[in-house]
Trainee: 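Before anything else, here's the structure in question.
The figures that follow rest on heavy atoms only: side chains count, while hydrogens, waters and symmetry mates do not. Quick note on labels: first sequence line is chain A, next is B, and so on, each numbered from 1.
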4 protein chains.
Amino acid sequence: MTVLTLDPESKTPIYLQIVQEMKTLVMTGKLHPHEQIPSVRKTAKSLAVNPNTVQKAYAALEREGILYSVTGKGDFVADNAARIKEMRKQEIREMFQRVTREARDSGLWIDEIFSIVDEAYSGR
Amino acid sequence: MTVLTLDPESKTPIYLQIVQEMKTLVMTGKLHPHEQIPSVRKTAKSLAVNPNTVQKAYAALEREGILYSVTGKGDFVADNAARIKEMRKQEIREMFQRVTREARDSGLWIDEIFSIVDEAYSGR
Amino acid sequence: MTVLTLDPESKTPIYLQIVQEMKTLVMTGKLHPHEQIPSVRKTAKSLAVNPNTVQKAYAALEREGILYSVTGKGDFVADNAARIKEMRKQEIREMFQRVTREARDSGLWIDEIFSIVDEAYSGR
Amino acid sequence: MTVLTLDPESKTPIYLQIVQEMKTLVMTGKLHPHEQIPSVRKTAKSLAVNPNTVQKAYAALEREGILYSVTGKGDFVADNAARIKEMRKQEIREMFQRVTREARDSGLWIDEIFSIVDEAYSGR
DNA sequence: GTGGTCTAGACCACC
DNA sequence: GTGGTCTAGACCACT
């Protein structure tokens, strides 16, 4: 499986970093439906992170229907890419709403915002 | 002076909400250079919040050069709106960069993003 | 009398700003022994400052022997320039001690300090 | 880790004393990049001071890029000693500028200042 | 009255 | 265990 990468200095909690990376791996097809993912302990070891943290991430992913777990066998990627993509899109919509509103309230015109987004999308 | 409003539901800390509202008040010209702003205690009372919390917000604003404080007299709006507007724009640019990159990594096309932004900008 | 100038944004209290300016006026001979200085109220008005603040400054100056007051007539410059200069020198010595020690503890060499002082002395 | 010491007599606030001591510890290489520093509570206890006070100091240090904090794990020394040393030097330069200008305005010659600095640097 | 610092004690999310 | 936020109440110097 593709390797996850964490930023220990980031302010977003580690378990959320894991959740987000897993989501994009699934959405972008780098993880396939019904594929088995590494165990909590394996992931924890490979990320040099507390197993509880990984456990928390997996639980969240399961709650959202992105993983399903088979007792005694392990965790697997669920088969509902469409729903997931829609969910993710909703999340992103909300993020954009927050930040766009802030920008507008600070007096930026929509053209300025478009240009910033454009630059961010192509750049880097 | 224009009244501040808090969102008790929000996950962003109270003191940061105050900071952000003040910033936009200054940036949008609703607060003028050298204008005195309500005292720590007054603001605390009117927001039904502890004075220490307001103090923390005001201290942050002073650090960023948006306010200056005169002990015994009060806090005043600093005289560098231009610089501040540029700073704020930079902040917003960074927020958009983060979220735009996430969106792109999740497979959204730039047209989808533009439409989301457009909706958020005009909508409520 | 030469006019005092205050920096309202400065962190050193106004009454101390007055004290310090008066001292240097006396030391540098811009105020002469037995010369009368403006009354508390006059100074307060000309500085747009609370009379209590000026009163506090004058009291401090009197305590240090830089002024003497004649009841019913006003305040006058004392006649002990030598002593004052020595006092002031002592104050400055202490300030330099504090900051020099800090610099040394931060790993600066004395040559670096000399060069900084030199630059500050000649430069504006 | 090296122990911090407070001067209860000093007029500079406790949290600032902590900030300054930490800075010089980092600058002088007594604290290494990515080294974990004692927790807020531990430091508070060892200094016989309220945790909030230490928290305030650590927050300031993080703001200045000297520490980074990882919730749930602790605080760590940041990895930019060079930048910090330069910043500190700038601070010191400004302090010398202030006090040197005062000294000059009080009529001291640069030789007198040099001798004072020299004495302070070697002495004590 | 003002801002600024400090204490004591609590709660939260995270690891 | 960790850092971060918040409250309540106190004290100080300055205006």
Trainee: Going by an N to O cut-off under 4.0 Å, is there a salt bridge joining B:Glu102 and A:Arg88?
Mentor: yes
Trainee: CD of B:Gln36 versus P of E:dG3: gap in Å, rounded?
Mentor: 8 Å
Trainee: Is the shortest side-chain N/O distance from B:Gln55 to OP1 or OP2 of E:dG4 below 4.0 Å?
Mentor: yes
Trainee: Of B:Met87, B:Lys85, B:Lys89, which meets side chain to side chain contact (heavy atoms under 4.5 Å, CB included) against B:Met27?
Mentor: B:Lys85
Trainee: What integer distance in Å separates A:Ile18:CD1 from E:dC15:C1'?
Mentor: 11 Å
Trainee: Measuring from the side chain of D:Tyr15 (C-beta onward, heavy atoms only), which nucleotide among E:dT5, F:dG3, F:dT7 has the closest atom?
Mentor: E:dT5
Trainee: How do D:Arg41 and D:Thr71 order along DNA chain E: which one's closest nucleotide is nearer the 5' end?
Mentor: D:Arg41
Trainee: Select from C:Lys56 and D:Val70 the residue whose nearest nucleotide in DNA chain F is closer to the 5' end of that strand.
Mentor: D:Val70
Trainee: CG of D:Asp75 versus P of F:dG1: gap in Å, rounded?
Mentor: 16 Å
Trainee: Would you say B:Thr53 places a side-chain N or O within less than 4.0 Å of OP1 or OP2 belonging to F:dT7?
Mentor: yes
Trainee: Heavy atoms from C-beta onward define the side chain here; which of F:dC6, F:dA8, F:dT2 lies closest to that of D:Asn52?
Mentor: F:dC6
Trainee: Would you kindly give the CG-to-C1' distance between C:Leu16 and F:dT15, to the nearest whole Å?
Mentor: 13 Å
Trainee: Which base, if any, makes a Watson-Crick or G-U wobble pair with E:dT7, both distances under 3.5 Å?
Mentor: F:dA8
Trainee: If pairing requires Watson-Crick or G-U wobble contacts with both distances under 3.5 Å, which nucleotide is the partner of E:dT2?
Mentor: F:dA13
Trainee: Please determine, for the side chain of D:Asn50, which listed nucleotide (F:dT15, E:dC15, E:dT7) has the closest atom?
Mentor: E:dT7
Trainee: Take the protein atom OH of B:Tyr58 and the nucleotide atom C1' of E:dG3, then report the distance between them rounded to whole Å.
Mentor: 11 Å
Trainee: Check A:Glu21 with A:Lys30, please: is the shortest side-chain N to carboxylate O separation under 4.0 Å?
Mentor: no
Trainee: Nearest whole Å is fine: how far is F:dG4 C1' from D:Arg63 CZ?
Mentor: 13 Å
Trainee: Rounding to an integer number of Å, can you tell me how far C:Ile14 CD1 sits from E:dG1 C1'?
Mentor: 15 Å
Trainee: Need to verify one output field. Residue with the more 5' nearest nucleotide on DNA chain E, B:Glu62 or D:Lys73?
Mentor: B:Glu62
Trainee: Counting side-chain heavy atoms from C-beta on, which of F:dG4, F:dT15, E:dT5 comes nearest to C:Pro13?
Mentor: F:dT15
Trainee: If you take all heavy atoms of A:Val77 and A:Tyr68, which pair is closest and at what distance?
Mentor: O-CE2, 3.3 Å
Trainee: How long is the line joining NZ of D:Lys42 and C1' of F:dG1, in whole Å?
Mentor: 9 Å
Trainee: I'd like to know if D:Glu62 and A:Lys11 make a salt bridge, using a cut-off of under 4.0 Å between side-chain N and carboxylate O.
Mentor: yes
